[in-house]
2 protein chains.
Amino acid sequence: MANQLSRLDHVFAALADPTRRAIVMRLCAGEASVGELAVPFDMALPSFMKHIHVLEASGLVQSEKSGRVRTCRLSPDTLVGAEDWFQQQRAIWEARLDRFEAYVMKLKKERAAAKRPSRTTKKKGSE
Amino acid sequence: MANQLSRLDHVFAALADPTRRAIVMRLCAGEASVGELAVPFDMALPSFMKHIHVLEASGLVQSEKSGRVRTCRLSPDTLVGAEDWFQQQRAIWEARLDRFEAYVMKLKKERAAAKRPSRTTKKKGSE
DNA sequence: TAATTGGTTAGCCATGAAGCTAACTATACA
DNA sequence: TGTATAGTTAGCTTCATGGCTAACCAATTA
């Protein structure tokens, strides 16, 4: 559980870099070797490899080496795990908005009732 | 658009820190002052304020000061924007999985047809 | 008006992240 | 067996991040 939380640290940190986001996007379309992945980036290979390592450490990407070529693939569970975090926050936030809306509606109703001087239940006095 | 991308950089970087994620979670439940937000954290106020600034710079949080108290609230659009990124990736990835599954199904079918020596359409020769 | 409260600014330090080059390993090809 | 290919390791810079203290406003409250 605390494990999961610190995993989120690494996932978001990994996704904060545009190079790494691009790699993830590329891997969504299917697996690829390190060399293939590196082509679009104007960067020395060791620098690029660091990004791969960060992605692997975060759990977003897995790789295995066969012969001299290392093939990388997405590890979708981790990606989905991060998405879940947003959905949880949104659930909380939307629930609050709903309550707020209900509250505003109630206020409106009371105001309308207060203004209308006729037969509706009406508190005396204030405004 | 490039603007949007670099915004994602900042949003994910902001969410990579557990303190800041906790702040966002807290603000999902409703607005709060800097002082209130800071209570659960064993951290000097200037350090804490840095986190608030990072969150504001990322667009995740907005704040305004009235009197001497600064009130912070969530800026949900930004949060939703980040969530969108995941949904887009997932769409691509799931589409690929669907194609892959279809491909596997087709393979299975062909294999079955090849093994069954009877009246189904059958390529000659190979395997 | 003096003291308290809530936040802010400035400046310091340690650590880590992102890039580089140079040199190395290990597989594949001729 | 020799050479090219694909990655890897080591070690170096530079800059950003996250924390601190100390001192400083500016509203409230006594």
Side-chain angles (χ1 to χ4, degrees), chain A residues 2 5-27 30-74 82, chain B residues 2 5-27 30-74 82:
Chain A
L5 292 182
S6 75
R7 156 127 316 179
L8 266 192
D9 287 12
H10 293 122
V11 170
F12 285 133
L15 295 178
D17 184 282
T19 299
R20 290 193 293 259
R21 268 200 320 280
I23 296 174
V24 167
M25 292 170 79
R26 170 57 240 278
L27 290 179
E31 61 180 40
S33 74
V34 169
E36 284 165 8
L37 289 173
V39 171
F41 301 98
D42 183 19
M43 190 182 294
L45 204 56
S47 313
F48 185 79
M49 282 295 296
K50 277 195 190 174
H51 288 297
I52 299 287
H53 286 139
V54 170
L55 287 169
E56 280 202 77
S58 76
L60 283 165
V61 165
Q62 289 178 334
S63 75
E64 72 188 312
K65 196 166 180 177
S66 107
R68 62 185 167 175
V69 42
R70 176 174 295 281
T71 303
C72 304
R73 65 180 57 77
L74 205 65
Chain B
L5 293 183
S6 76
R7 154 123 323 171
L8 266 191
D9 287 12
H10 293 123
V11 170
F12 285 133
L15 295 177
D17 184 281
T19 300
R20 290 193 292 260
R21 269 202 318 281
I23 296 173
V24 168
M25 292 169 79
R26 169 57 239 279
L27 290 179
E31 60 181 40
S33 73
V34 169
E36 285 164 8
L37 288 173
V39 171
F41 301 98
D42 183 19
M43 189 183 294
L45 204 55
S47 312
F48 185 78
M49 281 296 296
K50 277 194 190 175
H51 288 298
I52 298 287
H53 287 138
V54 170
L55 287 168
E56 281 202 77
S58 75
L60 282 166
V61 165
Q62 289 179 333
S63 75
E64 72 188 310
K65 196 166 181 177
S66 107
R68 63 184 169 176
V69 43
R70 176 174 296 280
T71 302
C72 304
R73 64 180 58 78
L74 204 65

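Per chain, numbering begins at 1; letters A, B, ... match sequence-line order.
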**Student:** Please list, in numerical order, the residues of residues 41-49 of chain B that have a heavy atom closer than 4.0 Å to any atom of DNA chain D.
**Tutor:**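 Only M43(B), A44(B), P46(B), S47(B) qualify.
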**Student:** Sorted by first residue and then second, give each salt bridge (charged side-chain N to carboxylate O under 4.0 Å, His left out) pair with at least one member in residues 54-66 of chain B; sequence neighbours left out.
**Tutor:** E64(B)-R73(B)
**Student:** Which nucleotide of DNA chain C is the first, and which the last, in the 5' to 3' direction, to come under 4.0 Å of a heavy atom belonging to chain A?
**Tutor:** dA18(C) to dA28(C)
**Student:** Across nucleotides 11-17 of chain D, 5' to 3', mark each nucleotide with B, S or - according to how protein heavy atoms within less than 4.0 Å reach it.
**Tutor:** -------
**Student:** Go through residues 62-70 of chain A and report each residue with a non-hydrogen atom lying under 4.0 Å from DNA chain D, sorted by number.
**Tutor:** K65(A), R68(A), V69(A), R70(A)
**Student:** Taking side chain to side chain contact (heavy atoms under 4.5 Å, CB included) as the test, write out the residues that go with R26(B), two or more places apart.
**Tutor:** A32(B), L37(B)
**Student:** Sequence neighbours left out, what passes side chain to side chain contact (heavy atoms under 4.5 Å, CB included) with A57(A)? Give chain and number order.
**Tutor:**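 A57(A) satisfies side chain to side chain contact (heavy atoms under 4.5 Å, CB included) with no residue once adjacent residues are dropped.
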**Student:** Going by side chain to side chain contact (heavy atoms under 4.5 Å, CB included), name the residues that satisfy it together with P40(B), two or more places apart in sequence or in a different chain.
**Tutor:** none
**Student:** Contact class for T19(B) (heavy atom, under 4.0 Å): base, sugar-phosphate, or nothing?
**Tutor:**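 The residue T19(B) makes no contact with any strand.
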**Student:** If you take all heavy atoms of V11(A) and S58(A), which pair is closest and at what distance?
**Tutor:**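 Reported closest heavy-atom pair: CG2-O, 3.6 Å.
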**Student:** For R20(B), give me all partners under side-chain hydrogen bond (donor to acceptor under 3.5 Å, both in side chains), at least two apart in sequence or on another chain.
**Tutor:**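 Result, side-chain hydrogen bond (donor to acceptor under 3.5 Å, both in side chains) vs R20(B): H51(B).
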**Student:** Atom SG of C72(B) and atom CG of L60(B): how far apart are they, to the nearest 0.5 Å?
**Tutor:**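 These two atoms lie 12.5 Å from each other.
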**Student:** Which atom names give the shortest non-hydrogen contact between F48(A) and V34(A), and what distance separates them?
**Tutor:** CE2-O, 3.8 Å
**Student:** Measure the shortest side-chain to side-chain distance between D17(A) and V54(A) over non-hydrogen atoms and say whether it is less than 4.5 angstrom.
**Tutor:** no
**Student:** Taking only residues two or more places apart in sequence or in another chain, which ones pass side chain to side chain contact (heavy atoms under 4.5 Å, CB included) with P18(B)?
**Tutor:**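 Residues passing side chain to side chain contact (heavy atoms under 4.5 Å, CB included) with P18(B): D9(A), R21(B).
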**Student:** Taking the side chain as C-beta and beyond, is there a heavy-atom pair between T71(B) and S66(B) under 4.5 Å?
**Tutor:** no
**Student:** Closest heavy-atom contact between R70(A) and S63(A)?
**Tutor:**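 Shortest heavy-atom separation between R70(A) and S63(A) comes out as NH1-OG, 2.9 Å.
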